[in-house]
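To start, the structure under review is shown below, and the notes come after it.
The analysis underlying the following values was restricted to heavy atoms, covering all of them including side chains, and did not include hydrogens, waters or symmetry mates. Lettering follows sequence order; numbering is per chain, from 1.
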Amino acid sequence: EDEDEDHDEL
Amino acid sequence: MNIFRFSGDMTHLMSVLVLLLKIHTIKSCAGISLKTQELYALVFLARYLDIVTNFISLYNTIMKLIFLGSSFMIVWYIRRHRIVRRSYDKEHDTFRHLFLVLPCFILALLINERSAFKEIMWTFSLYLEAVAILPQLVLLQRTKNIDNLTGQYVFFLGAYRALYICNWIYRYFTEPHYVHWITWISGLVQTLLYADFFYYYFNSWKNNVKLQLPA
């Protein structure tokens, strides 16, 4: 799972 | 990044700027809940643990730094600034942090997407942000005269949440596999908390009378 894509919001 | 997400971030930024403007220029924090501000500082601290390890974009990092820095700066102003702290309404700002922090932390331990430390802290920050406005709303209800800047501060915060929901709807339809139940439900709860405030805010604006929330 791509962690970056998960938490790209503020 | 879509227009809803960007507008949401900008209204979030506006809310912080309005609050800092009020505190810095008028040297007053009347009507502002220190409890809510401390909870926000904790929210950003827990959420942005990955600020140095996980680079997403320059925009993302700068915004994180702004939200972290401004939240601690606001807390510092209210607690430590020799003039600003005099206007702090301690008598009415009586909400207990722990009543919100503890249940949110336990919930994050129980319900999360991945049980890694950073992921639990991220989830905790989502739950806590959803309810962090409560002390501020309680204080507004107890305050007879809500000044314009305080009203605008809460309005911008609410607008930011509403725009984030539009952003999620947009992303759900445009991006494959974009499903984040925890983020969505806590975000929805958070936005609903503003519904009452919005009702009275628009009424006062429409009728051109001073904003006041019923007790």
Side-chain angles (χ1 to χ4, degrees), chain A, chain B residues 1-2 4-6 8-13 16 40 43-44 46-51 53-57 59-68 71 112-114 116 118-119 121-123 125-126 129 160-161 163-165 167-168 170-171 175-184 186-187:
Chain A
E1 216 172 333
D2 189 354
E3 205 175 322
D4 289 17
E5 204 184 44
D6 268 354
H7 301 330
D8 63 347
E9 287 174 353
L10 300 159
Chain B
M1 184 160 36
N2 60 68
F4 304 112
R5 157 77 199 281
F6 184 69
D9 286 348
M10 289 305 112
T11 43
H12 193 184
L13 194 61
V16 174
Y40 279 140
V43 163
F44 294 132
R47 185 172 305 169
Y48 300 155
L49 282 175
D50 65 349
I51 191 167
T53 54
N54 191 14
F55 183 79
I56 294 163
S57 66
Y59 170 83
N60 215 280
T61 305
I62 289 173
M63 292 296 271
K64 282 176 176 174
L65 285 172
I66 291 175
F67 289 136
L68 263 172
S71 65
N112 52 61
E113 277 184 27
R114 284 190 299 270
K118 266 199 287 189
E119 187 64 25
M121 293 309 277
W122 165 273
T123 314
S125 83
L126 290 178
E129 190 191 356
Y160 141 61
R161 294 317 312 179
L163 285 161
Y164 253 63
I165 289 183
N167 157 52
W168 295 329
Y170 181 86
R171 292 187 71 171
E175 291 174 31
H177 317 298
Y178 186 74
V179 178
H180 293 290
W181 288 112
I182 292 176
T183 315
W184 294 348
S186 47

- line: Between H7(A) and the options E119(B), K118(B), H180(B), the side-chain contact (heavy atoms from CB on, under 4.5 Å) test singles out E119(B)

- request: Flag yes if more than 12 heavy atoms outside Y59(B) fall under 6.0 Å of its OH atom; otherwise flag no.
  value: yes

task: Applying side-chain contact (heavy atoms from CB on, under 4.5 Å), name anything that partners N112(B), two or more places apart in sequence or on another chain.
output: S115(B), I120(B), T123(B)

Structural part of Y164(B) lying under 4.5 Å from a heavy atom of chain A: side chain

query: F67(B) and L10(A): which non-hydrogen atoms are nearest, and at how many Å?
result: CE1-CD1, 4.1 Å

task: Not counting sequence neighbours, which residues clear side-chain contact (heavy atoms from CB on, under 4.5 Å) with L65(B)? List them please.
output: I51(B), T61(B)

field: chain A contact via D9(B) - which portion, at a heavy-atom distance below 4.5 Å
entry: side chain

- prompt: Hey, what do you get for CZ (R171(B)) to CD (E9(A)), rounding to the nearest 0.5 Å?
  reply: 4.5 Å

